[in-house]
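Inspection log for the structure reproduced underneath, given as structure tokens.
In what follows, residues are counted from 1 in the order of the sequence shown.
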Amino acid sequence: MSATKPNNLAARMGRWSADHWKTATFGWLAFVLVAFALGSMAGTVEIDPNKPGPGESGRMDQILDEGFKQPAAESVFIQSDSLRVDDPAFGRVVAEVVTRVQGLADVENVRSPLEPGNEGQIAPSGHAALVEFEIRGDADDAADKIGPVLERVEAAQREHTEFFIGEFGDASAADAVQTAFADDLDKAGQLSLPITLLILVIAFGALVAAGIPLLLALTAVFATFGLVAVSSHAVPVAFQAFAVVLLIGLAVGVDYSMFYLRREREERAKGRSERAAVEAAAATSGRSVLVSGLTVMVAMAGMFLTGDETFASIAIATIAVVAIAVLGSLTVLPALLCKLGDKVDRLHVPLVSRLRRDDGNGRVWGAIVDRVMRRPLLFAVLAGGLLVGLALPAAQLRMVIPSPDTYPQSLPVVQTYTQMQAAFPGTALPAHVVVKAADVNAPAVQAAIQKLEERALSSGRMYEPITVDVNQDTTVANITVPIEGSGTDAASDASLAALRDEIVPQTVGTLSGVESGVTGLTAQWTDATEEIKSNLPIVVGFVLLFTFVLMLLAFRSLVIAAKAILLNLLSVAAAYGVLVLVFQHGVGKELLGFSSTAGIEPVVPLLLFVILFGLSMDYHVFILSRIREAYQRGVGSDEAIAYGIRSTAGVVTSAAIVMVFVFAVFATLSMLFFKQFGVGLATAVLIDATIVRAVLLPASMKLLGEWNWYLPSWLQWLPRFDAGEEPQPDARPSPVSA
């Protein structure tokens with residue numbers, strides 16, 4: 001029986017690539033090499049961590065930037081369990097540390113605790129002291145200059161083991177965090193690639209077939225690295241963006257290639273010619289890849305609405321890697337498959353290849369679906385109840401900005417911070433009250449500042465030493481106030497609230513013609529979190545609306561589109577609930593190797609929402625396309641549902657295993673951001689590929705029956721997108737029990 005060739009975009013791209021395999025293949029390689037080379041030559045411009053942020057803290061930081069030349073501040077913490085600071089032996093160690101750091105060209109303004117007027121650098125216990133100094137030049141470049149200073153401090157510690165000697169400050173903390181992130185990314189790459197290859201070998205039973213998805217994913221990631229580096233000169237990039245590119249690039253690159261490749265192998269097993277199998281895969285799985293990719297990109301675009309540079313750069317990076325992965329799957333993949341033909345199954349792995357089934361059907365999932373279809377209401381209630389139960393803890397989700405408390409406790413800079421915080425409460429992460437006036441040395445302003453200091457100390461939440469710095473023009477005063485708490489905990493929040501709501505308004509805030517406010521890390525983090533919270537409803541609304549529209553256009557069904565939104569919201573909510581259980585209630589924290597249960601980093605919930613909502617559509621679109629494909633060929637609704645899920649069981653299971661393991665690798669890394677990100681993504685994909693895909697989806701479709709395909713008459717003008725192929729004898733599903 002002859003068939004009309006499908007004419008959707010994916011089918012046309014597949015046919016062109018098959019006809020021009022050299023152009024498609026070598027054009028792809030050239031694109032990747034050029035993109036990566038351009039990125040390497042251009043270099044990467046990262047977001048300025050010292051750039052003023054939102055809210056009151058941002059305004060005060062702007063005043064400080066304009067009024068002061070603010071270098072990066074550093075402190076060397078020296079402590080003895082037995083000796084006091086006034087002991088000669090302690091004094092000799094302090095003098096040695098001062099000499100060591102003073103001898104460096106990039107160090108300036110070294111202040112010894114033993115000098116008159118620096119008594120505030122001696123701990124109340126008398127057993128600890130701070131040597132304070134600054135890194136010469138722009139604070140943005142300080143992390144690049146801190147290495148020699150750290151080396152000299154470490155040398156002092158090695159020579160005086162009876163003392164604790166460590167460094168903490170703006171530059172040393174930034175250097176430690178950047179190094180930890182880089183080490184984590186390196187570890188993630190080393191672990192995720194062999195794991196992914198192993199799963200693909202098990203899925204395909206041959207090294208050639210297994211290598212193609214991994215190579216396409218890696219080339220998409222490398223091309224994106226290059227393009228993001230180039231674009232960073234217009235939109236600076238967040239350092240988290242490269243981790244997200246690696247994570248998402250591997251996940252979607254492998255997924256899309258697997259969908260395509262398994263469909264081509266399935267069609268060959270049915271007796272189609274090599275060319276016909278590639279065209280069938282292009283028209284069906286290729287179309288699913290295109291719809292899924294567009295959905296993921298729309299979800300990622302929601303991050304632009306936050307108005308935040310970090311999210312905007314992550315949006316650019318993730319949209320780029322998904323777009324490139326889709327492009328590779330629709331062009332170079334069919335070109336390679338058409339050229340290789342059955343040679344794609346070369347280099348068989350004997351045991352694995354015997355266990356494989358090319359028909360795409362899954363016995364286990366088929367049996368589960370059969371039972372679900374017999375009692376759809378029961379299974380829908382049980383599965384839905386389970387997800388709602390997992391989602392309930394999400395109501396307790398608390399966002400906490402990363403701080404030394406949330407960083408790996410093995411880092412020397414974190415150990416120093418912990419000791420400093422105990423000996424000098426609030427000194428490591430103080431609040432800064434900024435006062436701007438025509439003359440901050442005027443008697444009225446000085447009296448108000450004195451009153452502020454008295455009120456701060458009497459509150460019981462702030463400590464000595466409170467210091468006041470005035471710029472050369474005497475127009476700006478920077479009042480440094482050590483506050484109670486670790487910087488991100490409830491005590492710090494209460495201290496900040498006392499400053500902003502009571503102390504500042506009732507002192508310097510009463511002066512006319514004077515601008516005042518509070519900044520510092522606690523204030524910056526609080527304002528940034530509030531900014532994210534305020535934009536969250538806009539982002540969520542954008543993602544839901546445009547995902548609904550895409551699904552409506554793809555499947556011409558109001559019910560399918562609405563149900564896809566609901567099921568994905570359940571998956572995301574359940575993932576949030578698991579995050580709260582693990583990272584706020586401490587469930588499994590020993591296994592994952594972290595100590596802080598303060599809360600979830602603010603970037604994680606929003607980032608997880610847009611990524612999970614996009615990725616969750618992968619399997620949904622792929623399975624629904626198979627169901628719709630069978631339904632449009634005249635198969636009954638129940639039979640089409642069972643066929644769609646059973647025929648995609650193998651590839652969806654394999655793809656889900658790849659995603660879960662790749663994401664789980666990130667949960668083993670040292671930085672809490674990676675752990676939270678990995679756990680959230682792995683949980684959501686696992687839920688989506690099991691409970692949602694095998695239970696809720698078939699149960700809900702069985703209950704709705706023909707209503708699944710409901711489209712009101714006033715929407716009949718929507719364009720029709722063919723599911724793939726016209727009916728063909730070898731492609732019609734054989735009856736299955738439901």
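Note: Tyr710 and Trp707 have tilted aromatic rings, judged against thresholds of 30 and 60 degrees for the angle between ring planes.
A donor-acceptor pair under 3.5 Å is absent between the side-chain atoms of Thr683 and the main chain of Gly680, judged by distance alone. When atom types are taken as modelled, the side chain of Gln676 and the backbone of Glu601 share a donor-acceptor pair closer than 3.5 angstrom. Not one N or O on the side chain of Ser257 forms a donor-acceptor pair closer than 3.5 Å with the backbone of Val254. Checked by atom type and distance alone, the side chain of Ser285 pairs as donor or acceptor with a backbone atom of Phe259 at under 3.5 Å. Looking at Asn708, its side chain does come within 3.5 Å of a backbone N or O of Gly705 through a donor-acceptor pair. For Ser700 (side chain) and Leu697 (main-chain N/O), a donor-acceptor pair under 3.5 Å exists by modelled atom type.
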*ring pair (Phe, Tyr, Trp, His ring centres under 6.0 Å) assessment of Phe674 paired with Phe181*: CA-CA 9 Å; Phe674 286 138; Phe181 261 90; 5.0 Å; yes
*Starting from the C-alpha separation in whole Å, work towards a yes-or-no answer on side chain to side chain contact (heavy atoms under 4.5 Å, CB included) for Val679 and Phe583.*
CA-CA 10 Å; Val679 168; Phe583 295 102; 3.8 Å; yes
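In terms of heavy atoms, Ala282 sits closest to Ala10 at O-CB, 3.4 Å.
Checking Thr306 against Asn535 by side-chain atom types alone, no donor-acceptor pair falls below 3.5 Å.
The side chain to side chain contact (heavy atoms under 4.5 Å, CB included) test with Leu214 singles out one residue from Val658, Leu193, Ile199, and that residue is Leu193.
Enclosure of atom CZ in Phe304 by more than 12 non-hydrogen atoms of other residues, nucleotides or ligands within 6.0 angstrom is indicated.
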